[in-house]
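The block underneath contains the structure these notes are about, expressed in structure tokens.
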Amino acid sequence: MDPEQLIACPACDVLHRDQEVAKHTVARCARCGTVLAAPKSGAMTRIAMLSLTALILLAAAAGFPFLELQAQGLSHRASVLDAVLAFSRGPMAPLSLATGLLIVLLPAARYGALVYTLAPMALGWHPAPHAAAVYRWAERLKPWAMAEIFIIGVAVALVKVSGLARVGLGPAFWAFAALLVVTILTDSSICRLTVWKTLKTRRGS
Amino acid sequence: MENPEDPPRFLTAAEAGLTGCRTCGAVNPGGAQTCYSCRSALTPPSAYSLQRVWAWLAAGLIAYVPANIYPMLRTTTFGRASENTLVGGIAELFSHGSYGVAFIVFFASIVIPVAKFLAIGYLAVSVRRPATLGSHDRLVLYEVVEFIGRWSMIDVFVVAILTALVQLDFAAAVTPGIAAVSFALSVAFTMLAAQSFDPRLIWNAEKREYE
Ligand SMILES: [Zn+2]
Ligand SMILES: [Zn+2]
């Protein structure tokens, strides 16, 4: 049998015949149950739009202050950029770099890569140049894009500081909250193997 | 999508002399180095990959020790400095009556990392000898570890936020401690350990048991 007509389960390596799967049905590995295909109509458009939304939210989340603190007549507001630069003095500089990467740069890179690869799919075009490499990086970046974890950190910090001073929420807090929702929606819409299959067939056509 | 062979005897790509791609599922010829479909580097399921898992896991464990000993935060209020370790910060939240938040931080900074060390170690050991957990349960364990591990980063972000926020000149200032760096490294190393683990090995061990 031609290996091109087979698909190997990424979790357990069992071979399956790569058949057309009806829309809105899910094909699972016969041995381990890993999803092998989950085509949905309009999924590419949905993911591309969500990723674009996430990029805009990220820009707002990074630039605006997320918390404001008042004590003893003094006030101080902090944005993500402030949090990133907070460690830049002295021996904590690597932490500053890591925070900036995990909260802003890697999520932005991931969503940018998703828009780049999936928007042409959504519009029915040929894949953009190097689409396979870009999508591979989008998948690899996924665990390291931690913008949605940051909001839990903000909530914990809010409680920790509340004994010390009055704290108020800034606009970026709501941008991060929206980003949490958009991230969950994006991740639940993406079926990795279906995206790869679409990229492969579009390239051939 | 059905198995070419009759169940329950499953044929894997490796057994058929082919190499399956873990990124896109494409089936490549046996000796192929890069996937024809997605251009990822191909690695056949082999116990050699466990060496990487053990190396990252050891690095994560080593970094977790200073993360617990040294201070996460140093708070200066009106000239008085106080330092807080990971556990100290949780205890303080608890003593202030913020039980919910104390529980979240305790879960993210203590329970998840320790459970992750144990789970990855167990998965890596279970590949070589008969396991007490079935293959399905171990795959679920692997998926849970991969999903939940990154949430440990919460406390590092809390330190970053407090440092940026609490800069009120003489009244109060917060500076990060060395433990924040080692904790961040520990989380990153264990994430790499989980990513280095090849779940296809779970099923290889099962095959050996039947032989
Ligand atoms: Zn499978
Ligand atoms: Zn591939």
Side-chain angles (χ1 to χ4, degrees), chain A residues 1 3-4 6-19 21 27 30-33 36-37 67 69 71-72 74 76 78 82-87 91-92 94-95 98-99 102-103 132-133 136 139 143 146 149-150 152-157 159-161 163-165 192-193 196 200, chain B residues 1-4 7 10-14 16 18 20-29 37-40 45 77 93 96 98 101 104-105 135-136 139 146 149-151 153-158 160-169 171-172 176 178 180-181 184 191 195 199-200 202-203:
Chain A
M1 186 183 270
E4 289 218 16
L6 293 172
I7 188 164
C9 171
C12 77
D13 210 30
V14 165
L15 292 171
H16 297 75
R17 214 172 267 130
D18 191 9
Q19 293 166 326
V21 179
R31 176 159 76 174
C32 74
L36 297 179
L67 284 180
L69 189 129
Q72 318 289 328
L74 292 163
H76 189 82
D82 296 326
V84 168
L85 296 172
F87 297 139
M92 297 296 163
L95 209 53
T99 313
L102 298 175
I103 300 169
R136 207 166 64 230
E139 282 295 329
M146 300 189 182
I149 296 176
F150 188 71
I152 312 291
V154 175
V156 173
V159 172
K160 280 203 168 190
V161 174
L164 194 74
R192 186 161 51 107
L193 295 192
W196 278 117
K200 194 163 117 187
Chain B
M1 303 238 171
E2 61 196 70
N3 196 277
F10 295 108
L11 181 70
T12 66
L18 304 163
C21 175
R22 270 189 67 199
T23 306
C24 73
V27 179
N28 291 266
S37 170
C38 73
R39 306 251 153 257
S40 300
T77 25
L93 276 171
H96 287 169
S98 316
V101 175
I104 290 173
V105 180
S135 304
H136 279 281
L139 183 66
E146 260 220 311
R150 47 208 287 280
W151 288 90
M153 239 9 146
I154 289 174
D155 221 33
V156 176
F157 295 152
V158 172
I161 293 161
L162 290 178
T163 313
L165 191 65
V166 187
Q167 296 299 341
L168 300 172
D169 299 324
I178 195 77
V181 177
M191 281 174 70
Q195 287 169 20
R200 296 177 299 186
I202 292 173
W203 311 86

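Below, chain A is the first sequence line, B the second, and so on; all start at residue 1.
- Closest approach of B:Cys38 to A:Arg136, counting heavy atoms only: O-NH1, 2.6 Å.
- Taking every heavy atom of both residues into account, B:Leu139 and A:Ala11 meet most closely at CD1-CB, 4.1 Å.
- Taking all atoms of both residues into account, the shortest heavy-atom contact from B:Arg200 to A:Pro10 is CG-O, 3.9 Å.
- Heavy atoms closer than 4.5 Å to chain A are found nowhere in B:Glu146, neither backbone nor side chain.
- Residues B:Thr23 and A:Glu139 form no side-chain contact, since every pair of their non-hydrogen atoms from C-beta on lies 4.5 Å or further apart.
- Annotation for A:Leu193 and B:Gly25: closest pair CD2-N, 3.9 Å, computed over non-hydrogen atoms.
- Residue B:Ile104 touches chain A through its side chain alone, counting heavy-atom pairs closer than 4.5 Å.
- Nearest heavy atom pair, residue A:Ala78 against residue B:Leu165, reads CB-CD1, 3.6 Å.
- Under the 4.5 Å side-chain criterion, counting only non-hydrogen atoms from C-beta, A:Ile152 is in contact with B:Trp151.
- Among B:Pro45, B:Ser40, B:Ser98, the residue making the largest number of heavy-atom pairs under 4.5 Å with chain A is B:Ser40.
- Remark: B:Arg22 pairs with B:Asp198 by the salt bridge (charged side-chain N to carboxylate O under 4.0 Å, His left out) rule, at least two apart or across chains.
- Proximity of a side-chain donor or acceptor of B:Arg39 to a complementary backbone N or O of A:Ala133 within less than 3.5 Å is not detected.
- Looking only at heavy-atom pairs under 4.5 Å with chain B, the residue among A:Ala132, A:Pro143, A:Ala98 that has the most is A:Pro143.
- Applying the ring pair (Phe, Tyr, Trp, His ring centres under 6.0 Å) rule to A:Phe150 yields the partners A:Phe66, A:Phe176, B:Phe157; only residues at least two apart in sequence or on another chain are considered.
- Shortest non-hydrogen contact noted between B:Ile161 and A:Gly153 is CD1-C, 3.5 Å.
- From B:Arg150, atom CZ reaches atom CD1 of A:Ile149 across 4.0 Å, with rounding to the nearest 0.5 Å.
- If you measure heavy-atom distances from B:Ala14 to chain A, the contacts under 4.5 Å come from both the backbone and the side chain.
- A side chain to side chain contact (heavy atoms under 4.5 Å, CB included) with B:Val27 holds for exactly one of A:Asp13, A:Asp18, A:Leu6; it is A:Leu6.
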